[in-house]
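Below is one structure; the comments refer to it alone.
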Amino acid sequence: MSGITRKCEMKTEGCEMDLTRIIEPLCSWYDRSKRDLPWRKDQDPYHVWVSEIMLQQTRVEAVKSFYRRFLQELPTVEDLACCEEDRLMKLWEGLGYYSRVRNMQTAARQIMEEYGGNFPDTREKLLKLKGIGAYTAGAVASIAFNEPVAAVDGNVLRVITRLEKDPRDIMKQSVRTEFDRRITEALEKTCGGSVTSSSFNQGMMDLGAGVCLPNAAPLCGKCPLASFCSAHEAGVEMDYPKKKAAKPRRIEGRTVLLIRDGDRILIRKRGKKGLLAGLWEFPNPEGHLEPEAALSFASGLGLEPVHIRALAPAKHVFSHIEWHMTGYEIRVASLGEEAEPPYVLIDEEQVRREYAIPTAFSAYYNWLADHRQNTEQDV
DNA sequence: AAGTCGGGGCT
DNA sequence: AGCCCAGACTT
């Protein structure tokens with residue numbers, strides 16, 4: 001008997017189980033218990049795709065309203081391919097990871113040009129589209145086209161590592177690739193009738209979201225796979241999955257300037273790449289500026305400050321950065337002229353309707369709404 | 001393999 | 001305050 005086999009029999013740690021055994025039980029459980037979600041009303045590949053992109057690193061509850069509005073505004077792939085950029089970003093405003101929607105439009109144009117508007121219907125073809133990786137290709141191929149392929153996401157990694165007491169770091173690409181291969185092989189052997197890759201993959205999502213919980217005691221009494229689970233048998237569910245500690249965030253000081261001219265507010269569009277690409281922002285020079293420096297900044301844009309007020313500090317946390325912000329309201333003389341490019345003075349109401357502003361500025365953006373100014377008050 | 005890229009909700 | 005979420009892309 002090999003050392004590995006001995007170890008598995010004694011502790012069942014990191015020992016591969018036969019995944020074909022869990023497929024029928026999970027499909028059966030999914031058919032009884034599936035959540036009623038907006039993107040489960042049909043199997044239209046465009047609908048499935050939009051939902052999967054929105055759901056990347058994003059909770060179901062946060063996605064629902066965005067999903068409905070997005071499809072109402074852009075009902076077809078062609079609508080997405082033709083959508084003007086600022087309108088597209090406005091539809092994604094507040095959802096985060098903005099490259100998702102930019103990549104999705106690139107892919108929509110690929111579909112129009114390379115596939116004549118017919119949605120690619122295999123995992124292999126889907127993988128060539130911008131923004132579609134191993135997970136999303138598997139999800140769309142299985143849910144919309146019933147291809148027997150895996151869709152390995154955080155839920156699957158958590159469920160399988162608990163089932164097998166797998167001690168490997170789930171952030172490693174090798175683990176994801178191996179799970180993808182093993183699940184796909186198991187689906188190829190078992191799919192048929194009510195056992196489908198669609199039910200299995202979506203069952204994994206529902207199981208991960210509602211039963212095999214992250215960062216909380218799982219509800220093993222409700223789990224259709226409990227009898228297969230090594231971690232449950234040993235009472236160590238919370239020890240999995242194993243994951244290396246995240247790197248600490250770097251901290252950036254910034255000074256946010258609300259530069260106002262009557263009802264207008266000064267903004268500019270961010271660059272095409274990097275953080276918050278393609279969104280609009282208030283001037284936010286790096287560092288914590290003193291009022292004099294903030295006034296110089298405004299003067300440097302060719303504006304004539306007539307008043308400055310310090311605002312409460314604010315903090316915003318990104319995945320890898322923290323912004324510690326100082327803020328000022330600066331009122332400038334109404335010159336009736338355009339601002340220094342790339343800055344523009346836009347009516348505040350129009351900004352709120354048409355310009356996507358990142359949540360990072362929400363403390364100051366909200367302050368603005370609570371302190372409307374009319375031109376009569378100018379000093 | 002490691003870094004970049006948002007925002008929110010739960011513990 | 002830290003963790004994670006229906007990840008993908010770049011370097």
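Here is the naming used below: chain letters follow the sequence lines, and residue numbers restart at 1 for every chain.
For A:His320 and B:dC5, the shortest distance from a side-chain N or O to OP1 or OP2 is below 4.0 Å. In terms of phosphate contacts, A:Gln57 brings a side-chain nitrogen or oxygen within less than 4.0 Å of OP1 or OP2 of C:dG7. At the phosphate of C:dC5, neither OP1 nor OP2 sits under 4.0 Å from any side-chain N or O atom of A:Thr58. Side-chain nitrogen and oxygen atoms of A:Lys130 include at least one within less than 4.0 Å of the OP1 or OP2 phosphate oxygen of C:dT10. Regarding contacts with the backbone of B:dG7, a side-chain N or O of A:Tyr98 is found under 4.0 angstrom from either OP1 or OP2. Under 4.0 angstrom from either OP1 or OP2 of C:dC3 there lies no side-chain N or O belonging to A:Lys247.
At a threshold of 4.0 angstrom between heavy atoms, the contacts of A:Trp92 with the nucleic acid are absent. The residue A:Ala246 sits apart from the nucleic acid: no heavy atom pair falls under 4.0 Å. Using a 4.0 Å heavy-atom distance criterion, A:Leu276 is classed as a sugar-phosphate-only contact.
A heavy-atom distance below 4.0 Å to DNA chain B is reached by none of the residues of residues 146-162 of chain A.
Geometric assessment of A:Arg250 against the ring of A:Phe318 yields a negative cation-pi assignment under the 6.0 Å and 45° thresholds.
Salt-bridge formation is detected for the pair A:Glu16/A:Arg182: a Lys NZ or Arg NE/NH1/NH2 atom is positioned less than 4.0 Å from an Asp or Glu carboxylate oxygen.
Rounded to whole angstrom, the span from the CE atom of A:Met104 across to the P atom of C:dC9 amounts to 13 Å. Nucleotide C:dA8 holds its P atom 9 Å from the CG atom of A:Leu127, rounded to whole Å. At whole-Å resolution of the value, CD in A:Glu52 and P in C:dA6 are 11 Å apart. Following rounding to the nearest Å, A:Lys243 (NZ) and C:dG2 (P) show an atom-to-atom distance of 16 Å.
To the nearest 0.5 Å, atoms OH (A:Tyr328) and OH (A:Tyr364) are separated by 9.5 Å.
The separation of C:dC4 from B:dC5, taken at their C1' atoms, amounts to 16 Å, rounded to a whole angstrom.
Between the base of B:dC5 and the side chain of A:Arg100 there is no donor-acceptor pair shorter than 3.5 Å. For C:dG7, its base never sits under 3.5 Å from the side chain of A:Thr136 at any donor and acceptor pair.
The nearest heavy atom of DNA chain B to A:His316 and to A:Lys244 marks one nucleotide each, and the one closer to the 5' end goes with A:Lys244.
Contacts of A:Lys64 classified as side chain to side chain donor-acceptor pair (under 3.5 Å), with partners at least two apart in sequence or in another chain: A:Glu61.
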